[in-house]
2 protein chains.
Amino acid sequence: MSTIEDVAKLAGLSRTTVSRVLNDHPYVSVEKKRLVQQAMEHLGYVPNSAARSLRNQKTGIIAVLIPKISTPFFSQLLERLEMAASAKSYQLIICQTQFSKQKERNYLNLLKTKQVDGVIMTSFENDWSIIESYLNYGPILLCNEIVENAEIPTVYMNQANCGYIVAKHLLERGHRHIAYCSNGIVSEGMKAREQGFKRALAEASCFFEEKFYFENVSSVEDGKRIFRKIANMKIIPTAIFTGGDHVAAGIISEAKKQGWSIPKELAVVGFDDMEITELLDPMITTVIQPVEEMALKSMEVIYEKIHKKQYRSFEKYEFFSKLAVRDSTRMKRKLVATF
Amino acid sequence: MSTIEDVAKLAGLSRTTVSRVLNDHPYVSVEKKRLVQQAMEHLGYVPNSAARSLRNQKTGIIAVLIPKISTPFFSQLLERLEMAASAKSYQLIICQTQFSKQKERNYLNLLKTKQVDGVIMTSFENDWSIIESYLNYGPILLCNEIVENAEIPTVYMNQANCGYIVAKHLLERGHRHIAYCSNGIVSEGMKAREQGFKRALAEASCFFEEKFYFENVSSVEDGKRIFRKIANMKIIPTAIFTGGDHVAAGIISEAKKQGWSIPKELAVVGFDDMEITELLDPMITTVIQPVEEMALKSMEVIYEKIHKKQYRSFEKYEFFSKLAVRDSTRMKRKLVATF
DNA sequence: TTGAAAGCGCTAACAG
DNA sequence: CTGTTAGCGCTTTCAA
């Protein structure tokens, strides 16, 4: 393995000059530059990144903390983050917290040991007060969630708007009895989603019925369970916002089994735009998260923070979801709207 | 940011002693050890990893090259690799090749620049001769594929066995007219799969009909297309091995639309055990790949190579798939077997 | 059992 | 425009 010294010797120059060529510094004569480049090529020289990191106090690496990689949403986000990082010549170290406070803290230590220049978190397992203490060692950015008092740049999707447009969509299709599923996670975002949803109803003078509120619903099984509940109600909702494609799939699957017609008898809205939404029959109307935009913005902002060395800030970058309208809310027969 | 020097000063000892404590060396008196530890704690000292890497010529980082992260199989593999790495206190740098030769080479350069101790590849975009040249800089392991003449440790699934058990399963259920889909990828593995499949048929004295061989089939759309083709054949196969859950989903979806009954009129086998297999009706019989085992073995082997500094070898680690038998091949009515 | 000193490979004042 | 020199923070001889 050849070093900068070897190159210098072969080129008959000093290490400094070689370094200057390496870093595209001005003040190197064209002639010496060529000399250096020839020597580098001849030796197959490649700069050692550990030495550079040590000297520059920069690694060119960012850590991404994710609860579980194989979750479709996270794998999409990770994919986009990698692309964004790559475009900026950064490497990504991938850290799976598996929802563990301990693991999250361990990974945040990468900041302390200077193994990474910055950290992108996609959720908080520990309290803000814990996270905060790592801010002394480098920038942290929160992508995909929003935490009230967290004094770090945050990239997130406006959940209130999301709830709002879903409700609006269903209202426009004449639905007045709309059910809502919460996934049991208590977070700013989840609260906002619910509020946005209810606001749309209120604006349409549509009263939200508490009996149509389902809690702790997140899996296919939950969806099936919820459907059975619904099927047994005296007053049955005509539409449901499930908060998750899995739940939607479960509801539809159970509904079909019991001979219901979707969306005629029950319109269903999912969340996440997972693959299954286009595979099931009917295809599921779902919320598309702005994954790519959030990834790009996250990289842009963390990059800036790394270079500005000013890590605390309440800046928020907001993105909006889109609704992919598919068959599960597309009326084949006109619904009798209640005015 | 405090350094080892600061700790030494505060403890009234030398850097050497502090380093010894840090690395659990023998020959440090209990008393000095305590002193050092106190000083470290007091200063919130954490060793700088760039300095360590430079000095030790080891980074504790492994690069994983993957074509596309969000592909369900790869995200699962990545998840397992991360867990295995974490267990060995290694970090993973994630590299998306996006099927590009150029990107693959760029990422392999991480080995040259000593940014990583080793590389795990999950596919080859470049020829072996290219890849080989990077072997001078560190170990490379191939996980998930097998490349004939590649002189590196390889962890893979036995595709021949996979094709064999699928065919066997269908034969046992009385099928004699079985269709086969190739995904268009020309690789050792794909060839082996096909051969294993045909071998099982041959052993059952069942002649494989070339008209039941479909090429370049990999998406949902392909599946739908294939089904339409099948529906128009004079002699119709009673079962099909799709080589992919997407394809299977497409076939089933189109078949149902045309009023066919699955598996009664056509048994379908997928591949990958993706989420959809359990969500569709009927649930899809599919091949489960030994992801976790392959990930663990990969980490174990690359770890060993890193430490043995002997990178070339033809060693192969073989794993076997399992068949998840679900509704799409479960006969409700006995099929008339042709003898 | 401890410490002094050299050096991993690179970059950036500073001086010329 | 170019080179000398002094480290970045750590580990490891070697000597005591």
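The analysis underlying the following values was restricted to heavy atoms, covering all of them including side chains, and did not include hydrogens, waters or symmetry mates.
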Checklist entry - When you check the phosphate oxygens OP1 and OP2 of C/dT11, does a side-chain N or O of A/His25 lie under 4.0 Å from one of them? => result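 So the side-chain polar atoms of A/His25 never come under 4.0 Å of the phosphate oxygens OP1 or OP2 of C/dT11.
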
Checklist entry - Between C/dT11 atom C1' and A/Ile4 atom CD1, what is the distance in whole Å? => result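 Distance check: A/Ile4 CD1 to C/dT11 C1' gives 8 Å.
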
Next on the checklist: Just to be sure I understand the rule, does A/Pro47 reach a base, reach only the sugar-phosphate, or reach nothing, if contact means heavy atoms closer than 4.0 Å?
Outcome noted: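 Since only primed, P, OP1 and OP2 atoms lie under 4.0 Å of A/Pro47, the category is sugar-phosphate.
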
Checklist entry - Between B/Thr16 and A/Arg15, who's closer to the 5' end of DNA chain C by nearest nucleotide? => result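 Looking at the nearest nucleotide for each, B/Thr16 comes out on the 5' side.
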
Item to check | Length of the line joining A/Arg55:CZ and C/dA13:C1', which is rounded to integer Å | outcome: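 The distance from CZ of A/Arg55 to C1' of C/dA13 comes to 9 Å, rounded to the nearest Å.
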
Item to check | A/Asn48 CG - C/dG9 C1' separation (whole Å) | outcome: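 My rounded result for the distance is 6 Å.
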
Checklist entry - Any salt bridge between A/Glu31 and A/Arg34, counting N to O under 4.0 Å? => result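 A salt bridge is absent here (no side-chain N lies under 4.0 Å from a carboxylate O).
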
Checklist entry - For D/dT2, does either OP1 or OP2 sit under 4.0 Å from a side-chain N or O belonging to A/Thr17? => result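 The answer is no; no side-chain N or O of A/Thr17 sits under 4.0 Å from OP1 or OP2.
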
Checklist entry - Are A/Asn23 and C/dT11 close enough that a side-chain N or O sits under 4.0 Å from OP1 or OP2? => result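 Yes, within the criterion.
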
Item to check | Electrostatic pair B/Glu125-B/Lys101, nearest N-O below 4.0 angstrom | outcome: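 The answer is no: the pair does not qualify as a salt bridge.
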
Item to check | Side chain of A/Leu13 - closest among D/dG3, D/dG9, D/dT11 | outcome: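 For the A/Leu13 side chain, the nearest candidate turns out to be D/dG3.
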
Next on the checklist: Closest-nucleotide mapping onto DNA chain C: is B/Tyr27 or B/Ala51 further toward the 5' terminus? I mean the 5' end.
Outcome noted: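 Going by which nucleotide is closer to the 5' end, it is B/Tyr27.
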
Item to check | Whole-Å distance separating the CZ atom of B/Arg52 from the P atom of D/dC10 | outcome: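 Nearest whole value for this atom pair: 8 Å.
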
Checklist entry - For the pair made of CD in A/Glu5 and C1' in D/dT4, what is the distance, rounded to whole Å? => result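 Between C1' of D/dT4 and CD of A/Glu5: 12 Å.
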
Item to check | Separation of atom CD in A/Gln115 from atom P in D/dC8, rounded to whole Å | outcome: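 My rounded result for the distance is 21 Å.
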
Checklist entry - Counting just side-chain N and O atoms, does A/Thr3 come under 4.0 Å of either OP1 or OP2 of C/dG9? => result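 Result: no.
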
Next on the checklist: Measuring to OP1 and OP2 of D/dT12, would you say a side-chain N or O of B/Ser19 lies under 4.0 angstrom away?
Outcome noted: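 It does not, given that no N or O in the side chain of B/Ser19 lies less than 4.0 Å from OP1 or OP2 of D/dT12.
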
Checklist entry - What distance separates B/Leu78 CG from B/Gln96 CD, expressed to the nearest 0.5 Å? => result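 Between B/Leu78 CG and B/Gln96 CD, I get 9.5 Å after rounding to 0.5 Å.
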
Item to check | Spacing between A/Arg34 atom CZ and D/dT2 atom P, to the nearest angstrom | outcome: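 The distance from CZ of A/Arg34 to P of D/dT2 comes to 13 Å, rounded to the nearest Å.
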
Checklist entry - Are the ring centres of B/Tyr90 and B/Tyr303 closer than 6.0 Å? => result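 Close enough - the centres of the two rings lie under 6.0 Å apart.
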
Next on the checklist: Distance check, rounded to the nearest 0.5 Å: B/Ser2 atom OG versus B/Lys9 atom NZ?
Outcome noted: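 Here the rounded value is 12.0 Å.
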
Checklist entry - Phosphate oxygens OP1/OP2 of C/dG9: is one of them under 4.0 Å from a side-chain N or O of B/Gln57? => result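 Affirmative; the distance criterion is met.
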
Next on the checklist: So, does B/Lys32 get its side chain near the phosphate of C/dT1, meaning an N or O under 4.0 Å from OP1 or OP2?
Outcome noted: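 No.
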
Next on the checklist: Please report the distance, rounded to the nearest Å, between CZ in B/Arg20 and P in D/dT12.
Outcome noted: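 For the pair B/Arg20 CZ and D/dT12 P, the rounded distance is 10 Å.
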
